[in-house]
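Read through the structure below, which is laid out as structure tokens, and then see the notes.
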Amino acid sequence: MFQFTTLYYRVDDEDTLETFFSTTHLQLAEQLPGLVKSELSRISGQPGGESRFHMSYSLYFATEKSFYMSLLSEPGIELMKALKEWAEAKLIVWYYAESYEEVVKKRGRSMDLGLT
């Protein structure tokens, strides 16, 4: 799969960040043709203390080509315009990458982490 991730820095005005994410970033991303799945992570910390990042939002596509094709769509163009302003203000960083997933199964009994 091909992954496009946006990392949002921590800011003093989290309401503005959350509003932009929910009303612009998320809305446009969900319209991208070829989107296979998305994943939001709210970052709670890092080893040694607080992280400088607030959240991470990843979009997954079947191939690199399908990702680039999605950027040529109307929602793709609008999304890049909106994110560019945030990147220029140094409020986000973004990257894209080949993504591989492995499901790890343990031998013996499974662990119940009580997260359900």
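FYI, side chains are in, hydrogens and waters are out, and symmetry mates aren't considered; it's all heavy atoms of this structure.
Qualifying salt bridge (Lys or Arg N to Asp or Glu O under 4.0 Å) partners for Glu39, counting only residues two or more places apart in sequence or in other chains: none. Partners of Phe2 by ring-ring contact (aromatic ring centres under 6.0 Å, His included), not counting sequence neighbours, listed by chain and number: Phe67, Tyr96. Applying the side-chain hydrogen bond (donor to acceptor under 3.5 Å, both in side chains) test to Ser58 and every residue at least two apart in sequence or in another chain returns Gln3, Thr5. Among residues two or more places apart in sequence or in another chain, the salt bridge (Lys or Arg N to Asp or Glu O under 4.0 Å) test is passed with Glu50 by Arg10. A search for ring-ring contact (aromatic ring centres under 6.0 Å, His included) contacts involving His54 returns nothing, not counting sequence neighbours. By the salt bridge (Lys or Arg N to Asp or Glu O under 4.0 Å) test, Arg42 is found to be paired with Glu18, residues two or more places apart in sequence or in another chain being considered. Under the rule for a side chain to side chain contact (heavy atoms under 4.5 Å, CB included), the partners of Glu78 that lie at least two apart in sequence or sit in another chain are Leu28, Lys81. Annotation: ring-ring contact (aromatic ring centres under 6.0 Å, His included) contacts of Phe20 (sequence neighbours excluded): Trp86. Applying the salt bridge (Lys or Arg N to Asp or Glu O under 4.0 Å) test to Glu88 and every residue at least two apart in sequence or in another chain returns Lys84.
Annotation: salt bridge (Lys or Arg N to Asp or Glu O under 4.0 Å) contacts involving residues 58-70, sequence neighbours excluded, are absent. Each side-chain hydrogen bond (donor to acceptor under 3.5 Å, both in side chains) pair with one or both residues in residues 23-35, not counting sequence neighbours, appears once here: Tyr8-His25. Applying the salt bridge (Lys or Arg N to Asp or Glu O under 4.0 Å) test to every pair with at least one member in residues 89-105, sequence neighbours left out, gives these pairs: Lys37-Glu101.
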What do the steps show when you test Phe4 against Leu71 for side-chain contact (heavy atoms from CB on, under 4.5 Å), and what is the final call? CA-CA 11 Å; Phe4 174 61; Leu71 296 184; 5.8 Å; no
For the pair Ser66 and Thr63, evaluate side chain to side chain donor-acceptor pair (under 3.5 Å) and give the outcome as yes or no after the intermediate values. CA-CA 5 Å; Ser66 64; Thr63 64; 3.2 Å; yes
Show, in sequence, the C-alpha distance, side-chain angles and deciding distance for Ile77 and Leu72, and conclude whether the side-chain contact (heavy atoms from CB on, under 4.5 Å) test is met. CA-CA 6 Å; Ile77 292 167; Leu72 297 175; 5.7 Å; no
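No chain of hydrophobic side-chain contacts below 4.5 Å, direct or via other Ile, Leu, Val, Met, Phe, Trp or Tyr residues, connects Val93 to Phe21. Both Leu17 and Leu40 are part of a single hydrophobic cluster, where members link through side-chain heavy atoms under 4.5 Å apart. Residues Met80 and Met69 fall into different hydrophobic clusters, defined by Ile, Leu, Val, Met, Phe, Trp and Tyr side chains chained together at heavy-atom separations under 4.5 Å. Note on Tyr57: it does not cluster hydrophobically with Val36, by side-chain heavy-atom contacts below 4.5 Å among ILVMFWY residues.
Pairing each heavy atom of Leu32 with each of Ser70, the nearest pair is CD2-O, 3.8 Å. Residue Leu83 comes nearest to Thr6 through the heavy atom pair CD1-OG1, 4.1 Å, listed as atom of the first residue, atom of the second, then distance.
In this structure the side chain of Leu35 never reaches within 4.5 angstrom of the side chain of Tyr60, judged on heavy atoms.
For the pair Ser51 (side chain) and Phe53 (backbone), a donor-acceptor distance under 3.5 Å is present.
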